Amino acid sequence: MTMRSKLMLGNWKMNGSLADNASLVSELLAGMAGVHCHAAVCVPTAYLAQLQNLLAGSALELGAQDVSAHESGPFTGEVSAKMLQDFAVRYCIVGHSERRRYHAESDALVATKAQRALAAGITPVVCVGESLAEREAGQTERVVKRQLAAVIHANGHCISEIVVAYEPVWAIGTGLTATPEQAQQVHAVLRAQLQAATAHADRVSILYGGSMSAATSADLLAQPDVDGGLIGAAALKASDFLALLETASR
Ligand code: PEP
């Protein structure tokens with residue numbers, strides 16, 4: 001048996017406003033009494049200061065959705081890991097499939113981003129996952145192993161400090177959740193890959209993401225290598241997110 005307690009991360013993506021964030025967070029904090037898992041919300045950069053204030057002293061932690069691969073300098077529009085550190089950011093998603101797809105982020109770039117986060121004391125949440133075409137072509141394991149290998153290669157012994165999120169691209173925002181068996185199969189592959197790289201692979205949380213809902217979460221979270229969830233749509237509604245946090249607290 002492992003000692004990993006569940007970790008549930010909300011990914012707000014490009015949603016929210018000062019007013020909407022304030023009411024969402026107040027509903028969430030009011031409902032946290034029965035929540036015993038680790039939980040965080042990954043919010044748009046523009047709202048980090050607001051969220052740092054709203055979450056201060058609470059059990060809900062703060063995350064970002066991306067970080068620059070550069071330390072500082074002439075990179076207009078980018079946000080460095082050190083800047084995230086200023087807002088007490090605990091987690092930072094790197095390599096989300098939307099960034100890989102719409103911003104052509106390569107495995108090597110994602111690995112460098114993970115490195116920047118780690119150097120700033122921020123836990124990178126490294127997203128991996130296959131497209132539908134890749135799954136149908138029987139390439140799922142090859143794709144996720146290639147994506148994780150780049151991060152292992154760049155981060156050496158620090159690799160036990162990362163969080164991995166397995167997010168099949170075909171399951172994100174589609175309402176199609178991977179079955180618990182499909183998720184566990186890939187999570188076990190990722191765990192084995194981590195075990196080959198570090199003696200502390202048991203410490204690494206491997207989250208599942210892709211249309212996770214209150215209805216699908218219990219069976220997914222019961223799998224031996226599913227250590228939590230990365231949650232998009234359901235993280236934008238307090239009652240939905242709280243239901244997921246409660247399931248993960250059992
Ligand atoms: C995500 O974007 O990380 C995600 C899992 O989204 P959704 O839950 O909406 O599928």
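Quick caveat: nothing in here was measured; it's all calculated off a predicted structure. Note that ligands are numbered from 1 as they come in the structure, with each ligand's atoms numbered from 1 the same way. Starting from 1, each residue takes its place in the sequence as its number.
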Practice task
State whether the side chain of Glu161 and the backbone N or O of Thr123 hold a donor-acceptor pair below 3.5 Å, judged by distance alone.
Solution key: no

Contacts table for residues 55-65: side-chain donor-acceptor under 3.5 angstrom, sequence neighbours left out:
{"residue": "Ser58", "atom": "OG", "partner": "Leu55", "partner atom": "O", "Å": "2.8"}
{"residue": "Ser58", "atom": "OG", "partner": "Leu60", "partner atom": "N", "Å": "3.1"}
{"residue": "Ser58", "atom": "OG", "partner": "Leu60", "partner atom": "O", "Å": "3.3"}
{"residue": "Gln65", "atom": "NE2", "partner": "Lys13", "partner atom": "O", "Å": "3.0"}
{"residue": "Gln65", "atom": "NE2", "partner": "Cys42", "partner atom": "O", "Å": "3.1"}

Handout entry: Neighbour count above 12 (heavy atom, 6.0 Å) for Glu71 CD
Key = no

Problem - Side chains of Asp107 and Gln147, donor plus acceptor under 3.5 Å - result: no

Fill in the blank from the handout: By chain and number, the residues contacting ligand 1 below 4.0 angstrom (heavy atoms only) are Asn11, Lys13, His96, Glu167, Ala171, Ile172, Gly173, Gly209, Gly210, Ser211, Leu230, Ile231, Gly232, Ala233

Problem - Arg101: salt bridge (charged side-chain N to carboxylate O under 4.0 Å, His left out) partners, not counting sequence neighbours - result: none

Counting only pairs under 3.5 Å, give me each side-chain donor-acceptor contact of residues 133-140, with atom names and distances, residues two or more places apart or in other chains.
{"residue": "Glu134", "atom": "OE1", "partner": "Ser131", "partner atom": "N", "Å": "2.8"}
{"residue": "Glu134", "atom": "OE1", "partner": "Ser131", "partner atom": "OG", "Å": "3.3"}
{"residue": "Arg135", "atom": "NE", "partner": "Glu130", "partner atom": "OE2", "Å": "2.7"}
{"residue": "Arg135", "atom": "NH2", "partner": "Glu130", "partner atom": "OE2", "Å": "3.2"}
{"residue": "Arg135", "atom": "NH2", "partner": "Tyr166", "partner atom": "OH", "Å": "3.2"}

